[in-house]
Amino acid sequence: MASSIQIPDNAPFTPEQRQWLGEFLGNILSQSSAASHSAGPAVPVTVLFGSQTGTAEGLAKKLVKTLKKGNFEPTLQDMGAYDRELLAKEKNLLIITSTYGDGEPPDTALELHTWLMSDAAPRLEGVNFSVLSLGDSSYPDFCQCGTDFDLRLEALGANRIYPRVDVDVDADQPYAEWSAGVIAVLAPTASFSASNKVASDEIDEAGFSKKNPFPSSVLHNYNLNGPGSKQTHHIEISLQGSELDYEVGDALGVYPENPEGVVDEIIAALPFKAGDVPTSTGEEVSLREALIRHYDIGTINKALIEKWQKRSGSPYLRSLVEADDKKEWENFCWGRDLIDLVIDYPADFSDGEDFVSVLKKLQPRLYSIASSPKAHPGEVHLCVGIVRYNSHGRNRGGICSTYLSDRLNANSKPGVFVHHNSAFRLPSDGNVPIIMVGPGTGIAPFRAFLEERKATGAKGKNWLFFGNPHEKTDFLYSDELVAFQKDGTLSRMDLAWSRDQKEKIYVQNLMLKQGAELWKWLQDGAAFYVCGDASRMAKDVDAALLGIAKEHGKLTEEAAAAYITQLKKDKRYLRDVY
Ligand SMILES: Cc1cc2nc3c(=O)[nH]c(=O)nc-3n(C[C@H](O)[C@H](O)[C@H](O)COP(=O)(O)OP(=O)(O)OC[C@H]3O[C@@H](n4cnc5c(N)ncnc54)[C@H](O)[C@@H]3O)c2cc1C
Ligand SMILES: NC(=O)c1ccc[n+]([C@@H]2O[C@H](COP(=O)([O-])OP(=O)(O)OC[C@H]3O[C@@H](n4cnc5c(N)ncnc54)[C@H](OP(=O)(O)O)[C@@H]3O)[C@@H](O)[C@H]2O)c1
Ligand SMILES: Cc1cc2nc3c(=O)[nH]c(=O)nc-3n(C[C@H](O)[C@H](O)[C@H](O)COP(=O)(O)O)c2cc1C
């Protein structure tokens, strides 16, 4: 008989979704339980993940844990370490991957992706597959990497057993639906024990988490830059009472609040009287409260504008939607927020509920943790670049960074959670030398690494490349870094002050200058880390590394590229870039 699984109250579903999911998962468990009496041999399933900052990896691990509770034989595989010769022999292949850069695969997925897209890829008849694709629709190439895998596997003859699910940032519900869906297809021959409450476990995480953030206290919060420069805040947060644990290399998720002034401006310009509106968790709050704490007012994207255009009658928005040109979308969205749509392209909404129905949920932001728990027990430190700019005649700020710098008061309790990232870890052997390239806020995880290496008495050498505009105002953590040099923790520090002279000097210029030494460190087994700006710096640093391999390793272009791919595979070239 079909049963219903109790979905926890804090799971982010509407009552209807909760009921549907509960019944759906209950059905699967009862079917599985019935089938268990005649269960055959365990069903092999390979869960193959491509992840840059740990989300896809976390979901893949969760799925394997779930599968282990049934009559499955699951194998967890990182795309970076996957033996591609196995691909054509897979029986059931479940892919979970994110998208990075401009529609690119995560670093560790790049090689497999390139090979699979090439003529060298084998035919895959006999392989059952399904793809969960993680992404963010504020990027033009939404979920591109997962889409690539999905379409290519189909083109190579593999059998899609369940449709690809594209995840727009918030993975909980789509993951629950997708995993339940693929398990339902595989379940007739591989059952769960009904007592396992598998699906319920998947949705309900114990303790504080992304779904249930810890209301933290801010202990210290100050600008690290000198007067006249940009603003980078060092923020110390207490985790006392949370039982949250982190390791160096992890990130902290922070739930921001939108600026009240902008929210009031939006409400004043709306064509209806503001009443209560539903939030994504199903509660009813005032429109003002909802726009401050629950909905995204800071970014606009194609999906929002398509909905907005239907209600606005603006000929310009209509032409934008009809042209559907990637460059034009980018140009329009860049530097505009919801307030611009409300004021410049008025739209006809019947009431607050209708209005919030087109908005996305306000998302937490991730920050690379800048402290070691060994050096600061019970605390977590961040290094946050405050985003401010003027566009279309308006001074604007990044939602979370300005929340942290401008809108916290003594009573504020920012909701936080730990985002584990096992793809960005110190070498387990403390004797291994490390090279860290972290200009600007990219210094964050390396302050944590240095604290950790000192606290553990690691003997391996540490080399830091740091850069920022001016030595006088922008030498973040200068006292601490100089102290690390003095006590021998930091073996080398190369500083690139980009605007202290006529020509720009960047971290990669210093890498190239020290190329022979850097190559020697790599030959001695050093791990190479990069953190900070993804769009320019990380690409230029990558090119510099390739140049060093060619010049000092005397490698051809192809051999140097292969060397760098191998470094990534060996987890000796790790990036935390954003
Ligand atoms: C794994 C990870 C680790 C991270 N670690 C750190 C860290 O340690 N420190 C840190 O500071 N950040 C870090 N970030 C970035 C951080 O998560 C936020 O993206 C950042 O703080 C900006 O968020 P915000 O809410 O302030 O800005 P948002 O409200 O998200 O606004 C940013 C958006 O504003 C627009 N914008 C920005 N500048 C301009 C401009 N000049 N002109 C027009 N439009 C513009 C763009 O659309 C941009 O996408 C990390 C990100 C990731 C994924
Ligand atoms: N996703 C987001 O919304 C978001 C939010 C915050 C930050 N970021 C990114 O994260 C970066 C970190 O910000 P930040 O203020 O800490 O530092 P930053 O802007 O990266 O600047 C740090 C140093 O890097 C230099 N630099 C510029 N281009 C470079 C390149 N191609 N190669 C190497 N170095 C380069 C800068 O020089 P000059 O400035 O003199 O050229 C500066 O000296 C930002 O650049 C931004 O792209 C993204
Ligand atoms: C620098 C950066 C670039 C990104 N580029 C894209 C993109 O082009 N398309 C997309 O859909 N998502 C993009 N994303 C969103 C990620 O795919 C999404 O956050 C995903 O959940 C991350 O999963 P992971 O932690 O497993 O890597 C990007 C995220 C970052 C930080």
Side-chain angles (χ1 to χ4, degrees), residues 49-60 96-104 106-107 109 133-147 166-171 225 230-233 251-254 256 258 296-300 333-337 363-370 382-392 396-405 419 421 423-424 437-445 466-470 474 476 496-499 504-509 531-541 544 576-578:
F49 68 86
S51 186
Q52 189 75 33
T53 61
T55 318
E57 180 174 1
L59 294 176
I96 305 182
T97 184
S98 60
T99 295
Y100 262 76
D102 302 318
E104 291 152 27
D107 286 349
S133 180
L134 307 193
D136 178 343
S137 64
S138 53
Y139 291 91
D141 296 307
F142 176 52
C143 283
Q144 189 59 53
C145 179
T147 307
D166 291 340
V167 175
D168 192 1
V169 183
D170 220 346
N225 298 93
K230 59 182 175 180
Q231 222 183 327
T232 314
H233 273 229
L252 192 78
V254 178
N258 288 311
D296 179 8
I297 66 164
T299 48
I300 57 172
C333 295
W334 179 249
R336 283 193 171 89
D337 308 331
Q363 291 296 334
R365 271 51 167 182
L366 295 181
Y367 293 96
S368 312
I369 290 176
L382 306 179
C383 175
V384 178
I386 312 305
V387 177
R388 296 187 203 277
Y389 56 98
N390 183 291
S391 62
H392 304 286
R396 302 171 198 254
I399 298 298
C400 193
S401 56
T402 62
Y403 165 65
L404 292 169
S405 63
H419 178 92
N421 183 6
F424 199 74
V437 181
T441 52
I443 188 67
F466 175 71
N468 236 347
H470 302 289
D474 309 318
L476 310 181
W497 306 117
S498 54
R499 303 186 201 177
K504 290 269 187 187
I505 298 179
Y506 288 154
V507 281
Q508 64 272 20
N509 302 120
C531 180
D533 174 45
S535 60
R536 296 158 300 153
M537 181 276 294
K539 288 182 177 145
D540 293 348
V541 165
D576 174 21
V577 295
Y578 42 87

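Numbering of ligands and ligand atoms starts at 1, following listing order.
With hydrogens and angles ignored, the 3.5 Å screen pairs a side-chain donor or acceptor of S133 with a backbone N or O of C143. Using modelled atom types, one side-chain atom of T99 and one backbone atom of C145 make a donor-acceptor pair closer than 3.5 Å. Between the Q144 side chain and the E104 main chain, no donor and acceptor come within less than 3.5 Å of each other. A donor-acceptor distance shorter than 3.5 angstrom exists from the side chain of S401 to the backbone of V387, with no hydrogens or angles considered.
Where the criterion is an N or O separation shorter than 3.5 Å, residue side chain and backbone included, P469 meets it with respect to ligand 2. Below 3.5 Å of separation, one finds an N or O of K230 facing an N or O of ligand 2.
In A251, neither the side chain nor the backbone holds a heavy atom less than 4.0 Å from any atom of ligand 1. Counting heavy atoms closer than 4.0 Å to ligand 1, residue W334 contributes side-chain atoms (C-beta onward) but none from N, CA, C or O. Neither the backbone nor the side chain of V541 has a heavy atom within less than 4.0 Å of ligand 2. Contact annotation for Q508 and ligand 2: only side-chain heavy atoms (C-beta onward) come within less than 4.0 Å of the ligand. Contacts between S368 and ligand 1, counted as non-hydrogen atom pairs separated by less than 4.0 Å, involve both the backbone and the side chain. Heavy atoms of R499 found under 4.0 angstrom from ligand 2 belong exclusively to the side chain. Contacts between D540 and ligand 2 below 4.0 angstrom, taking non-hydrogen atoms only, involve the side chain exclusively.
You'll find the side chain of I386 stays beyond 4.5 Å of the side chain of K230, heavy atoms only. For the pair F424/S368, no side-chain contact is recorded, criterion being any heavy-atom separation below 4.5 Å from C-beta on. Residues P106 and E57 are not in side-chain contact: their nearest non-hydrogen atoms beyond the backbone lie 4.5 Å or more apart. Side-chain contact check for C383 versus I443: some heavy-atom pair is nearer than 4.5 Å. Looking only at side-chain heavy atoms (C-beta outward), V384 and V254 stay at 4.5 Å or farther from each other. Inter-residue side-chain proximity for D296 and Q363 is flagged as unmet; no heavy-atom pair is nearer than 4.5 Å. In this structure the side chain of T53 reaches within 4.5 angstrom of the side chain of Y100, judged on heavy atoms. No side-chain heavy atom of P364 sits less than 4.5 Å from a side-chain heavy atom of H419.
Close approach of ligand 2 to G440 is summarised as follows: ligand atoms under 4.0 Å from at least one heavy atom of the residue are 16 (O), 17 (O), 22 (C). Under a 4.0 Å criterion applied to the non-hydrogen atoms of G335, ligand 1 contributes the atoms 43 (C), 44 (N). In the vicinity of G398, heavy-atom distances shorter than 4.0 Å reach the ligand 1 atoms 24 (P), 25 (O), 26 (O), 27 (O), 28 (P), 29 (O), 31 (O). Taking a cut-off of under 4.0 Å to the non-hydrogen atoms of T441, the atoms of ligand 2 that pass are 12 (C), 13 (O), 14 (P), 16 (O). Close approach to C400 involves these atoms of ligand 1, each under 4.0 Å from a residue heavy atom: 24 (P), 25 (O), 26 (O). Set against the non-hydrogen atoms of V384, the atoms of ligand 1 under 4.0 Å away are 11 (O). Interface atoms of ligand 1 facing T53, defined by a heavy-atom separation under 4.0 Å, are 1 (C). Which parts of ligand 1 touch I399 is read off a 4.0 Å heavy-atom cut-off, strictly below it: atoms 24 (P), 25 (O), 26 (O), 27 (O), 28 (P), 29 (O). Short contacts between ligand 2 and V387, defined as distances under 4.0 Å to a heavy atom of the residue, involve ligand atoms 5 (C), 6 (C).
For atom 13 (C) of ligand 1, a protein non-hydrogen atom is found at a distance below 4.0 Å. Within the 4.0 Å cut-off (strictly below), a protein heavy atom is located near atom 32 (N) of ligand 2. In this structure, atom 22 (C) of ligand 2 has protein heavy atoms in its sub-4.0 angstrom surroundings. Protein heavy atoms all stay at least 4.0 Å away from atom 33 (C) of ligand 1. Contact annotation for atom 49 (O) of ligand 1: protein absent (non-hydrogen atoms, distance under 4.0 Å).
Every residue two or more places apart in sequence or in another chain that forms a salt bridge (Lys or Arg N to Asp or Glu O under 4.0 Å) with D168 is listed here: K360.
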### Task
Check step by step if side-chain hydrogen bond (donor to acceptor under 3.5 Å, both in side chains) holds for T441 and Y367.
CA-CA 10 Å; T441 52; Y367 293 96; over 6 Å; no
#### Entry: Criterion side-chain hydrogen bond (donor to acceptor under 3.5 Å, both in side chains) on K504 and N509, from CA distance to verdict
CA-CA 9 Å; K504 290 269 187 187; N509 302 120; over 6 Å; no
### Task
Go through the steps for T232 and N225 under the test side-chain hydrogen bond (donor to acceptor under 3.5 Å, both in side chains), then give the verdict.
CA-CA 6 Å; T232 314; N225 298 93; 2.7 Å; yes
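Looking from atom 10 (O) of ligand 2 to the surrounding protein, the closest heavy atom is Y578 CE1, 3.6 Å. Scanning all protein heavy atoms for the shortest distance to atom 35 (C) of ligand 1 gives Y389 OH, 3.4 Å. Closest to atom 22 (C) of ligand 1 among all protein heavy atoms lies V387 CG2, 4.0 Å. Among protein heavy atoms, atom 20 (C) of ligand 1 sits closest to Y367 OH, 3.8 Å. Considering only non-hydrogen protein atoms, atom 44 (C) of ligand 2 sits nearest to D533 CB, 4.1 Å. Here the heavy atom of the protein found nearest to atom 15 (C) of ligand 1 is Y578 CD1, 3.7 Å. The shortest contact between atom 37 (O) of ligand 2 and any protein heavy atom is with S498 OG, 3.1 Å. Ranking the protein heavy atoms by distance from atom 24 (O) of ligand 2 puts P439 CB, 3.9 Å first.
From C531, atom SG reaches atom CG of D576 across 4.0 Å, with rounding to the nearest 0.5 Å.
Residue contact annotation: D576 has a non-hydrogen atom under 4.0 Å from ligand 1.
Considering only non-hydrogen atoms, atom 28 (P) of ligand 1 lies nearest to R365 out of R388, R336, R365, R396. Residue nearest to atom 27 (C) of ligand 2, selected from F466, Y506, W497: Y506 (by heavy-atom distance). The nearest non-hydrogen atom to atom 45 (O) of ligand 2, considering only Q231, K504, R365, R536, comes from R536. Closest heavy-atom approach to atom 9 (N) of ligand 1 among the candidates C383, G385, A444: C383. With distances taken over non-hydrogen atoms, the option nearest atom 26 (O) of ligand 1 out of S401, A534, G438 is S401.
Relative ring orientation between Y389 and W334 is described as parallel, the plane-to-plane angle staying below 30° on a 0-90° scale split at 30° and 60°.
Closest of all the heavy-atom pairs between W497 and D474 is CZ3-O, 3.9 Å.
Sorted by chain and number, the residues within 4.0 Å of ligand 3 by heavy atom are S51, Q52, T53, G54, T55, A56, S98, T99, Y100, G101, D102, G103, L134, G135, D136, Y139, D141, F142, C143, Y578.
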